[in-house]
A.B. asks: 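Please see the structure below; I have some questions.
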Protein chains: 2
Amino acid sequence: MATGRTHRPATRSRGIPEATVARLPLYLRALTALSERSVPTVSSEELAAAAGVNSAKLRKDFSYLGSYGTRGVGYDVEYLVYQISRELGLTQDWPVVIVGIGNLGAALAGYGGFASRGFRVAALIDADPAMTGRPVAGIPVQHSDDLERIIEQDGVSIGVIATPAGVAQQVCDRLVAAGVTSILNFAPTVLSVPDGVDVRKVDLSIELQILAFHEQRKAGEDTGADGDAEHTPAVVPPAPRGAAGTGGRKGPDGDVPAVMPA
Amino acid sequence: MATGRTHRPATRSRGIPEATVARLPLYLRALTALSERSVPTVSSEELAAAAGVNSAKLRKDFSYLGSYGTRGVGYDVEYLVYQISRELGLTQDWPVVIVGIGNLGAALAGYGGFASRGFRVAALIDADPAMTGRPVAGIPVQHSDDLERIIEQDGVSIGVIATPAGVAQQVCDRLVAAGVTSILNFAPTVLSVPDGVDVRKVDLSIELQILAFHEQRKAGEDTGADGDAEHTPAVVPPAPRGAAGTGGRKGPDGDVPAVMPA
DNA sequence: CCATCTTTGTGCACGCGTTCACAAAGACAT
DNA sequence: ATGTCTTTGTGAACGCGTGCACAAAGATGG
């Protein structure tokens, strides 16, 4: 997955393991699909297959929520949808603000998956005055000067940061100061936040780099060439020290405006 | 984090733990920033702070790559940048195709972080004939009929899926059949792929749901109200069974075109 | 050349997460 | 009512990842 976990030291909230919490949305999605097909019950085996996990893991996950299954039959789909939704807090309305309406911010604003799960885009915020008032995905963009007012007025507790990396920390600080306690960060930076605030990050570049690693390994196995070569001893290591080698100008990252971290 | 790991059973490629691989891009980013500021060396303590991790963890991570540090001094920034880049396979060019040029696909196409790390957008592909030929982020969109030809011709091994969920598996199958062995999936579906193919997924909706869970927990602790209520015994469970309760029509998800999974 | 001080590299212990494997629970048929 | 068969729920073992704490390595100063 492209998700970065937070520093949260595995606080095991309310006895439900973090790993389990991360899978609940997966089960919920699979169950919702079954529900729409009017399937009354599922076995752990079937549901696990649909969610792409091990059936034993799924049963253990559900056991943390309580005993909602019937032996010899399986789980009642509708009931389970309700229980998981409640557990995840999706039975209530969550107003969300998106800060940074560039390519990515706009794409996120137009995402249909928000409303379907109790998330409501309360506001779009951007620092560019030229954007102010312009409707994106049907919602008028507001200027970042009004950030605090918007947060407090609408009681927003979840913020999405889709700004350039350079301003992400500032935006984060303002969000937190205004009362936001959960942040989804798309900017390529490590955000520092006070205790009690959750941060999750989504980083396209990191995902690609991880894929590249495995891809390289696959290729290396075939050729046997450089794949398992010992760390090249001393030959041709790039000029150690000296003036910043690469390019000189600030790299394409460093404050990427658009999508994800580098 | 918004990243979903694959089913890969912790294959520990080449002796480097998967968890370490996932952090290397983080270190690399921090090191690149230092390099641009012409900082010659860093201690594990400093670098760890910049990357947002524990210093012991960082040292252990680096120990898997070899002994690149100097006791009493720290790590040579340039040298480490080179070593990590090489380890991640970023010293070579990785052509990437993006399939599904909707809001998200377009945002991804315009992402500057690609080129900076050896990733090159080789092609944008969409099934809508109206899109064909239209330039997005300076690259003309090609029709999905040509998918196989493009993959083989450019030797593409990494594919990004940003299509609606409904067609994601088909697209995935075609990509794999054409030779792609690494996939980054933004569609809200569990993709099944043959052995040897890596899949990572990015799912906005899941991230938000995880945040909502913790958010609810925080709120529950304060009021003490519903926060720790036992799973409501038998009262008011939503109509178990019966015609698909919710709406009837296919939900807003199910084949979300835009951004991420539900 | 020796002493001191800094910082790496790692052995070890601990805890979370995963998986196996099975007993218990209940549906269903007779 | 009883037996059989299916499927859950979970105890226990295992493995990975994390973090502590320290010895070894090397720089630096006298």
A.B. asks: Sort and list the pairs that fulfil ring pair (Phe, Tyr, Trp, His ring centres under 6.0 Å) and have at least one residue in residues 36-56 of chain B, not counting sequence neighbours.
C.D. replies: none
A.B. asks: Whole-Å distance between dT8(C) P and Leu65(B) CG?
C.D. replies: 15 Å
A.B. asks: When the distance from CG of Leu47(A) to P of dT6(D) is rounded to whole Å, what number comes out?
C.D. replies: 20 Å
A.B. asks: Among residues at least two apart in sequence or on other chains, which ones pass side-chain hydrogen bond (donor to acceptor under 3.5 Å, both in side chains) with Thr181(A)?
C.D. replies: Glu215(B)
A.B. asks: Nearest-Å distance, CG (Asp76(B)) to P (dG26(D))?
C.D. replies: 16 Å
A.B. asks: I'd like to check the side chain to side chain contact (heavy atoms under 4.5 Å, CB included) partners of Thr91(B); sequence neighbours left out, ordered by chain and number.
C.D. replies: Ser85(B), Arg86(B)
A.B. asks: Tell me the closest heavy-atom pair linking Val190(B) and Arg29(A), and the distance in Å.
C.D. replies: N-NH1, 4.5 Å
A.B. asks: Shorter than 3.5 Å, N or O on both sides, protein versus nucleotides 19-22 of chain D: list them out with atom names.
C.D. replies:
| from | atom 1 | to | atom 2 | distance (Å) |
| --- | --- | --- | --- | --- |
| dG19(D) | OP2 | Lys57(B) | NZ | 3.2 |
| dG19(D) | O6 | Lys60(B) | NZ | 2.7 |
| dA21(D) | N6 | Arg59(B) | NH2 | 3.4 |

A.B. asks: How many whole angstroms separate atom CD of Glu18(B) from atom P of dG15(D)?
C.D. replies: 19 Å
A.B. asks: Indicate for each nucleotide in nucleotides 25-30 of chain C, in 5' to 3' sequence, whether protein heavy atoms under 4.0 Å reach the base (B), only the sugar-phosphate (S), or nothing (-).
C.D. replies: B-S---
A.B. asks: Expressed as a whole number of angstroms, how long is the span from Tyr68(B):OH to dG26(D):P?
C.D. replies: 16 Å
A.B. asks: What closest approach, in Å, do Val180(A) and Ser157(A) show between heavy atoms, and which atom pair accounts for it?
C.D. replies: CG1-O, 3.5 Å
A.B. asks: Specify the separation, in whole Å, of atom CZ of Arg23(B) and atom P of dG17(D).
C.D. replies: 9 Å
A.B. asks: Roughly how many Å is it from CD in Glu45(B) to P in dT6(C), rounded to a whole number?
C.D. replies: 13 Å
A.B. asks: Compare side-chain N and O positions of Ser44(B) against OP1 and OP2 of dT7(C) and report whether any pair is under 4.0 Å apart.
C.D. replies: no
A.B. asks: Under the rule for ring pair (Phe, Tyr, Trp, His ring centres under 6.0 Å), what residues qualify as partners of Tyr75(B), not counting sequence neighbours?
C.D. replies: Phe62(B)
A.B. asks: Applying salt bridge (Lys or Arg N to Asp or Glu O under 4.0 Å), can you list everything that pairs with Arg59(B), at least two apart in sequence or on another chain?
C.D. replies: none
A.B. asks: Specify the separation, in whole Å, of atom OH of Tyr64(B) and atom P of dT18(D).
C.D. replies: 9 Å
A.B. asks: Counting just side-chain N and O atoms, does Tyr75(B) come under 4.0 Å of either OP1 or OP2 of dG9(C)?
C.D. replies: yes
A.B. asks: Which residues pass the side chain to side chain contact (heavy atoms under 4.5 Å, CB included) test with Ala177(B), sequence neighbours left out?
C.D. replies: none
A.B. asks: Using side-chain hydrogen bond (donor to acceptor under 3.5 Å, both in side chains) as the criterion, list what pairs up with Asp173(A), not counting sequence neighbours.
C.D. replies: Gln169(A)
